[in-house]
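Remarks on the structure that follows.
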Amino acid sequence: VSTQSTGAIGKFAVNLTRCPGKGTQFVECLSTLISAISEKTFLLPLTIPTFNNSSLLPRKDYTANRLVSGLLQLPLHSQMILDETVLEPGQLLPSGVENVKALGNLISWQKLTYDFGFNYNIEFECDTRVLVLGEGKSLLPSDVVVPLSPITASPDYPTLLSSIPSHPLLEKFRRYLCIV
C-alpha cells in the first residue's frame, strides 16, 4: 500500500451489507473461514462500549515509560473484520468519536496515529485489509459496498465450518492469494 495526497493506493475496503445479524453465527463462520485462508485475521465487534471504552490507538504511558498498544495496531498484511451487526443505538463519548475517526483514518489512508501525549501525535503507515460486515451501509468509509442476497433457509454454520478444506489445500489457497 502506498499513500498519496488523494488516499492510499492499493487498499480495497469492502462493506458487506444485508448480513444476518444477532442470533446467527454468520459473522463467526465468515471470520473462521477468512482466518483459515489469511494468516493474520482480527475480528472487532463494533459496539458503543467498544468505541467508548477501548483504546484503539497506541499511546505513550509516561508513568510506566512504555508504549501501550491499541487494538488497531496490527501486523503488516493483517485482515481486519469489523462487525457492525452488533451495533445498537447509543451515545458516543468524545473517546468514542476519536476511535471512529481512527478507524476511518486507517481504512481511508492506511495510517495509524500513535498518541505521545502533549498534543504530539505521529502517523505510521500500515497495511491492513478491512472487511466491514453490517445490516446496512456502514458509517465507515469503504471502496465498495456489496449487498448479500438473502436465502430462504438459514444455513447450518457448524456444518459449513466442518467442511473447511485440509491444511495442504489451504496453503495452496494462501499462495494463490499472495501471487494474485
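Numbers for residues simply follow the sequence, beginning at 1.
At distances below 3.5 Å, at least one donor-acceptor pair connects side-chain atoms of Lys40 with backbone N or O atoms of Leu76. Ser38 places no side-chain N or O within donor-acceptor distance of the main-chain N or O of Ser35, the cut-off being under 3.5 Å. Looking only at distances, a side-chain donor or acceptor of Ser138 sits under 3.5 Å from a matching main-chain atom of Leu140. Side-chain atoms of Thr32 come within 3.5 Å of backbone N or O of Glu28 as a donor-acceptor pair. With hydrogens and angles disregarded, a donor-acceptor distance shorter than 3.5 Å links the side chain of Asn99 to the backbone of Ser54.
Annotation: ring-ring contact (aromatic ring centres under 6.0 Å, His included) contacts involving residues 64-100, sequence neighbours excluded, are absent. Sorted by first then second residue, the salt bridge (Lys or Arg N to Asp or Glu O under 4.0 Å) pairs that include residues 83-100, not counting sequence neighbours, are Lys22-Glu88, Glu98-Lys101. For the salt bridge (Lys or Arg N to Asp or Glu O under 4.0 Å) condition, no pair includes a residue of residues 50-62, sequence neighbours left out.
With contacts defined as side-chain heavy-atom distances shorter than 4.5 Å, the pair Leu103/Leu46 qualifies. Annotation: side chain of Leu131 is in contact with side chain of Leu133 (closest heavy-atom distance under 4.5 Å). At a threshold of 4.5 Å between non-hydrogen side-chain atoms, the residues Pro58 and Leu112 count as touching. Residues Val130 and Val14 have side chains not in contact (no heavy-atom distance under 4.5 Å, counting atoms from C-beta outward). With contacts defined as side-chain heavy-atom distances shorter than 4.5 Å, the pair Phe116/Asn121 does not qualify. Residues Val27 and Cys19 fail the side-chain proximity criterion, which asks for heavy atoms closer than 4.5 Å. By the 4.5 Å heavy-atom criterion applied to side chains, Asn105 and Glu123 are counted as neighbours. For the pair Gln73/Tyr114, a side-chain contact is recorded, criterion being any heavy-atom separation below 4.5 Å from C-beta on.
Closest heavy-atom contact between Ser31 and Ile81: CA-CD1, 3.8 Å.
Applying side-chain contact (heavy atoms from CB on, under 4.5 Å) to Leu16 and the options Thr85, Val145, Leu30, Val132 leaves one that passes, Leu30. Test Asp143, Asn15, Thr128, Leu82 against Ile107 for side-chain contact (heavy atoms from CB on, under 4.5 Å) and you get one pass: Leu82.
Within 6.0 Å of OH on Tyr62 lie more than 12 heavy atoms contributed by other residues, nucleotides or ligands.
Residues Thr47 and Thr50 have side chains that bring a donor and an acceptor to within less than 3.5 angstrom of each other.
Separating the SG atom in Cys126 from the NZ atom in Lys111 is a distance of 10.0 Å, to the nearest 0.5 Å.
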